[in-house]
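Here's the structure, in structure tokens; my notes come after.
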Protein chains: 2
Amino acid sequence: MAISANVGEKKNKVRKLEGQPSKNLMAERRRRKRLNDRLSMLRSIVPKISKMDRTSILGDAIDYMKELLEKIHTLREDDNVKDEIKDIKFVGNFKELKPNEALVKKPPKFEVERRNVDTRIEICCAAKPGLLLSTVSTLEALGLDVQQCVISCFSDFSLQASCSEAREHRTILSCEDVKQTLFKTAGYGGRCL
Amino acid sequence: MAISANVGEKKNKVRKLEGQPSKNLMAERRRRKRLNDRLSMLRSIVPKISKMDRTSILGDAIDYMKELLEKIHTLREDDNVKDEIKDIKFVGNFKELKPNEALVKKPPKFEVERRNVDTRIEICCAAKPGLLLSTVSTLEALGLDVQQCVISCFSDFSLQASCSEAREHRTILSCEDVKQTLFKTAGYGGRCL
DNA sequence: CTGTACACGTGATCC
DNA sequence: TGGATCACGTGTACA
């Protein structure tokens, strides 16, 4: 195909020499533009991006699609409750805020509540560097997708969030578990309330 | 760029004339081969093929991926159908929200602006798993302390934050730098705006 | 003859 | 310095 090579000097048609090229030229430019745009779109919806290469983008997209297909199959055939709670173990991996630093002055407020499919979370405690990051990280590790969130860090750290369960943790994770995990994440020891 | 025009026939570097061209030439050939192979693979796993165009293939792949994502979400939510009745009532109050907006492709929005001592950040882009976490993590890494923040992840990912500079050694950061960093963090390539 | 779409070789650019 | 990747303009085949 690419090796149609042979034959050297046909050149039957030399009808250009003038005026013609600009048409085909800009058409080709538009085509390249469209192709690159599509490529960018593809890259923008694929979460795992190893490199910015065109080939890598396509490769990652392919892998991602296979991943999605497999996930769908397991979701379909996996009746239920096959999930482990192993995710909880990863919560502690993040930045270990030392409990010693726990400020005892004012009783912090940690509330977790289920409403329909949503999980309402309300936190108000002493501000601390990295607290927002560790809290968000913990929520993610617990399989809670933040849908809405209002944060204020002026005096105290205040966070009100509405989350949806990313995975099938609803039946396993109790509100109390979430609350205590967040409590520890914020650097407090013992149990909350 | 394309119209760098000037310079007509310089040819400062003519170090080729022999031996060299075949190197770059075949490298380019291999690159094209890989790219086309990837493209064929992508086409082979996408069931819906409208046309054999390169652009169409990418477009179909994108649509298919979105379709898969949506299917996964519906599958997950179907696991717990018990709360749906209440949700229906809830949704009923907000009927004005367009039901089918899946195919709208709008450009993401990344804005960073300095106001006095504060740095205002506004993001609106396609939702992606882990996006909130990576964004917060990036802000922290840039030395920006979130003072106030409103987040919404219902359809797209939307974040409006007001930050203060945490450290002094980062004060050299321009708004543009912050913007581009956030842009890349969100998984986009190239430059924003 | 008019577009559209692809492969090709080459110069430029970035580690 | 090279090796790898990209954008570009062009030739050409197919509708």
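What you see is a predicted model, and the numbers here were worked out from it, not measured in a lab.
- Within 3.5 Å, a donor on the side chain of B:Arg32 pairs with an acceptor on the base of C:dG9, or the reverse.
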Quiz: residues 54-63 of chain A side-chain donor-acceptor pairs under 3.5 angstrom, not counting sequence neighbours:
| residue | atom | partner | partner atom | Å |
| --- | --- | --- | --- | --- |
| A:Arg54 | NH2 | A:Asn36 | OD1 | 3.3 |
| A:Ser56 | OG | A:Asp53 | OD2 | 3.3 |
| A:Asp60 | OD1 | A:Ser50 | OG | 3.3 |
| A:Asp60 | OD2 | A:Ser50 | N | 2.9 |
| A:Asp60 | OD2 | A:Ser50 | OG | 2.9 |

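- Checked for salt-bridge contact, A:Lys179 and A:Glu111 miss the test: no charged N lies under 4.0 Å from a carboxylate O.
- Contact check, B:Arg34 against D:dT5: a side-chain N or O comes under 4.0 Å of OP1 or OP2.
- Put simply, CG on B:Asp37 is 14 Å from C1' on C:dA7, counting in whole angstrom units.
- Taking A:Phe183 as the reference, A:Phe110, A:Tyr188 meet the ring-ring contact (aromatic ring centres under 6.0 Å, His included) condition, with sequence neighbours excluded.
- To the nearest angstrom, P of D:dG2 lies 16 Å from CE of B:Met26.
- Within the structure, a side-chain polar atom (N or O) of A:Arg29 is placed less than 4.0 Å from OP1 or OP2 of D:dG9.
- Between the C1' atom of D:dA4 and the CG atom of B:Leu25 lies a distance of 14 Å, rounded to the nearest Å.
- Contact check on B:Arg191 versus B:Glu176 returns a salt bridge, with a Lys/Arg side-chain nitrogen under 4.0 Å from an Asp/Glu carboxylate oxygen.
- Atom P of nucleotide C:dC6 and atom CZ of B:Arg31 are separated by 15 Å, given to the nearest angstrom.
- Residue-to-nucleotide contacts include no donor-acceptor pair under 3.5 Å from the side chain of A:Glu28 to the base of D:dC8.
- By the 4.0 Å N-to-carboxylate-O rule, B:Lys66 lies too far from B:Glu70 to be salt-bridged with it.
- For B:Lys23 and D:dT5, the NZ to C1' distance is 17 Å, given to the nearest whole Å.
- Closest to the side chain of B:Asn36, from the set D:dT5, C:dA7, C:dG3, is C:dA7.
- As rounded to whole Å, 17 Å separates atom C1' of D:dA7 from atom CZ of A:Arg30.
- Look at CG on A:Leu35: it is 10 Å from P on C:dA5, rounded to the nearest Å.
- Protein atom CZ of B:Arg54 is 18 Å distant from nucleotide atom P of C:dT4, rounded to whole Å.
- Below the 3.5 angstrom threshold, one finds no donor paired with an acceptor across the side chain of A:Asn24 and the base of C:dT2.
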